[in-house]
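Structure first, commentary second.
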Amino acid sequence: MELILVVVGAIVVTAVAHRRGLEPALIIVVVGIAVSFLPGFRAPELDSHILLSVVLPPLLYSAALDFSFPTFLRNIKPILGLGVGLVVVTAFTVALVSSWLVVVPLTFGTALVLGAVVAPPDAVTAVAVGRKLGLPKRVMSILTGESLINDAAALALFSVAVAQVAGSHTFIENPVLLFGYSAVLGPLVGAALGYITLWIRRRLANPALETVQGLMVPFAAFIVAEELHASGVLAVVVAGFVVGSGTVDAGYQTRLQERYVWNSVDVLLEAFVFAYIGLHLRFVLEDLRQAHESLIEVAVASAIVLLIVLVIRPLSVFAMFSRGVLSRQVEKRLSVPVPEQGGRGALGTRRRAAVPPRWRSRIDNRALSWQENVVVSWTGMRGVVTLAAAAAIPLTTAAGEPFPERATIQAIAFVVSVGTLLLQGATLPLLIRRLELSADADQAYTAAETEKAEQVVHAAAASVLGEFRANPPAGLDPRMLAEIRGVVARHAQDADEMPDPDAHTPRAEVFAQLYRDVLSAQRHALIAERDEGRIDDEAVRAMLERLDLQEAGVSARLESRF
């Protein structure tokens with residue numbers, strides 16, 4: 001009952017925040033904190049494994065469905081840098097500073113557990129703000145891609161650190177081999193389940209059943225991978241990539257239905273997570289008192305860790321993304337032109353005529369502008385993974401002793417989550433506006449890519465109609481065949497001219513088959529052009545949605561007539 005009330009309250013606050021133009025996550029956290037101090041209030045308790053296996057997988061899967069692998073590959077360098085490199089740097093920096101300052105008695109092992117807990121940012125708020133304010137597409141792609149893999153890196157490091165402190169045995173004792181095993185097998189599990197899902201869907205041919213099956217995929221991928229001691233997060237992400245890229249073979253009803261279902265699931269889970277964070281502040285403080293910890297010392301340690309988290313990301317972002325800009329400036333100033341026949345310039349570099357591999361040519365090596373660097377560096381809000389990992393710290397070690405400083409680690413993690421949400425989340429919209437960073441510069445590019453998509457769609461339709469004209473079905477006179485071609489060619493303009501595709505007449509059957517052939521050719525042509533890297537994925541997805549809506553509109557008008 002308590003969970004239902006939390007969900008209902010979070011949805012109400014979300015609706016009010018949307019009407020007021022405020023960021024729902026921040027308002028939900030603030031309201032939750034205020035409610036937690038009401039007399040007699042008791043916060044709902046969930047096992048940490050439920051948070052990780054019920055809340056996290058659908059959020060990751062939904063993001064992966066809308067984030068294609070070509071876009072992921074195009075931005076692989078910054079995504080890996082932020083999603084893996086920055087997570088490791090943050091965790092070890094927090095561990096080193098926390099154990100060195102001795103504000104609270106943390107050994108390096110327990111401090112590393114804390115570092116792994118607070119290392120992964122949650123991009124939910126950042127992506128929502130960026131979408132609302134119109135951040136450039138590349139920045140949005142980097143932030144979304146980072147959120148898909150940073151959880152896997154942080155949870156793998158967390159498992160190793162907890163095992164070392166608790167004295168428990170892991171599946172593979174060597175932490176490097178364990179991480180490699182998890183990082184390799186997790187995606188394989190996700191890919192296998194993704195292709196199995198597509199195979200089943202082709203045989204269901206029922207939008208309702210396909211949608212229900214899709215809702216089970218993230219949980220199945222996560223649980224199976226975790227049972228095999230692999231990364232459940234990476235399994236969910238890869239399954240989302242596979243199913244998202246293969247939905248072109250599904251019916252338009254399934255695609256439209258899933259799009260709105262997953263949007264609803266995202267809103268529901270995100271609202272619940274932020275409410276859950278806010279509602280537990282008072283109880284975190286009570287746990288510290290019961291553990292006889294000094295609230296002042298814990299508050300000082302929390303402030304230090306929060307400061308580290310806030311500072312380490314900007315430093316790392318500018319170190320990673322500004323290095324290329326600096327090296328190009330140095331080369332530009334110090335190098336001399338290289339002769340066409342070869343030779344060496346002032347920096348000792350030789351011109352190479354080697355053609356890079358095909359996959360490398362798809363990677364976007366453009367540097368981010370300084371405004372984009374600033375925005376990316378300020379999107380480090382913590383959320384569900386930090387909360388769930390802190391709750392997943394075991395109560396006792398393998399020897400039966402209480403896990404050292406468990407309440408302290410949980411309190412610091414909670415302060416970091418709430419602090420980043422309130423500080424960075426509240427100031428991010430203002431920062432974006434002050435930097436005048438928007439997607440306006442992408443408009444010309446988007447228009448060009450949209451035009452390419454339209455050309456592909458028209459060419460595919462023309463090809464199918466040309467084949468129909470060259471090889472007409474038997475049994476219909478030429479005038480009726482010409483009429484069918486004309487109706488299909490202008491089907492988006494006047495559905496009243498169309499026959500009922502389900503009517504068993506020769507004209508209706510020929511029309512229905514030709515109509516489906518045109519749509520299928522258009523969709524597959526778009527996917528082929530995207531996979532070859534000739535059209536931007538965003539433009540392809542927008543065009544595919546237009547085709548789905550067009551088919552849905554035509555079908556609805558036909559059904560209303562018969």
Side-chain angles (χ1 to χ4, degrees), residues 71-72 74-98 115-116 118-123 125-127 129-130 133-151 153-154 157 303-334 347 363-383 386 416 419-421 423-439 441-442:
T71 302
F72 183 87
R74 188 161 55 248
N75 298 284
I76 190 68
K77 289 183 177 180
I79 288 174
L80 288 180
L82 294 172
V84 178
L86 182 55
V87 166
V88 174
V89 169
T90 302
F92 278 93
T93 302
V94 169
L96 289 170
V97 175
S98 300
V118 302
D122 184 356
T125 304
V127 171
V129 172
L133 298 179
L135 278 178
K137 289 183 178 179
R138 188 168 183 230
V139 175
M140 295 292 293
S141 298
I142 291 172
L143 294 177
T144 305
E146 176 196 3
S147 70
L148 293 177
I149 64 171
N150 60 10
D151 298 337
L157 186 58
I304 292 173
V305 174
L306 177 59
L307 180 63
I308 294 172
V309 168
L310 292 175
V311 171
I312 194 68
R313 184 176 176 91
L315 293 178
S316 300
V317 166
F318 280 92
M320 287 187 294
F321 296 162
S322 300
R323 183 180 57 188
V325 177
L326 180 61
S327 64
R328 282 191 293 272
Q329 290 296 326
V330 172
E331 183 176 355
K332 180 179 179 180
R333 291 178 179 275
L334 300 181
L347 293 181
I363 297 178
D364 191 346
N365 292 308
R366 294 175 299 162
L368 296 176
S369 67
W370 72 267
Q371 295 98 329
E372 292 170 337
N373 275 325
V374 170
V375 169
V376 171
S377 68
W378 199 241
T379 54
M381 291 78 79
R382 269 57 179 175
T386 294
V416 170
T420 53
L421 278 172
L423 290 175
Q424 293 180 316
T427 56
L428 184 60
L430 177 62
L431 179 66
I432 295 173
R433 293 190 184 97
R434 291 295 298 270
L435 292 175
E436 298 181 351
L437 187 63
S438 68
D442 295 334

ask   = Which is it for V317 and L368 under the side-chain contact (heavy atoms from CB on, under 4.5 Å) test, yes or no, and what are the steps along the way?
value = CA-CA 10 Å; V317 166; L368 296 176; 6.0 Å; no

query = For residues 85-97, which residue pairs qualify under side chain to side chain donor-acceptor pair (under 3.5 Å), counting only residues two or more places apart or in two chains?
reply = none

request  = Test V305 against V97 for side-chain contact (heavy atoms from CB on, under 4.5 Å), laying out the working first.
outcome  = CA-CA 8 Å; V305 174; V97 175; over 6 Å; no

request  = Would you please name every residue forming a ring pair (Phe, Tyr, Trp, His ring centres under 6.0 Å) with F72, sequence neighbours left out?
outcome  = F241

ask   = Under 3.5 Å, is there a donor-acceptor pair between the side chain of T144 and the main chain of S141?
value = no

key: From OG1 (T71) to CZ (R74), nearest 0.5 Å   = 4.5 Å

request  = Can you measure from CD (Q371) to CG (N373) and round to the nearest 0.5 angstrom?
outcome  = 9.0 Å

ask   = To the nearest 0.5 Å, what is the distance between CG (L423) and CG (L428)?
value = 12.0 Å

query = Which value, rounded to the nearest 0.5 Å, describes the distance between L431 atom CG and T427 atom OG1?
reply = 6.5 Å

For V311, all residues meeting side-chain contact (heavy atoms from CB on, under 4.5 Å), sequence neighbours excluded = L307, L315

remark   = Smallest heavy-atom separation, S147 atom then N150 atom, equals O-OD1, 3.4 Å

With P121, the side chain to side chain contact (heavy atoms under 4.5 Å, CB included) member among M381, R313, Q424 = R313

A153 to V84 - nearest heavy-atom pair and separation = CB-CA, 4.3 Å

note = Shortest non-hydrogen pair, I312 vs L86, comes out as O-CD1, 4.2 Å

task = Using a 4.5 Å cut-off on heavy atoms from C-beta on, say whether the side chain of T420 contacts that of T386.
result = no

request  = Indicate the atoms forming the closest heavy-atom contact of S316 with V89, along with that distance.
outcome  = OG-CG1, 4.1 Å

task = To the nearest 0.5 angstrom, please state how far the CG atom of L306 sits from the CZ atom of R382.
result = 9.5 Å

task = Calculate, to the nearest 0.5 Å, the distance between atoms OG1 and CD1 belonging to T379 and I432 respectively.
result = 9.0 Å

ask   = Closest approach of W370 and F318, non-hydrogen atoms and distance?
value = O-CZ, 4.5 Å

task = Can you see which heavy atom on D151 is nearest to which on P120, and at what distance?
result = OD1-CB, 3.8 Å

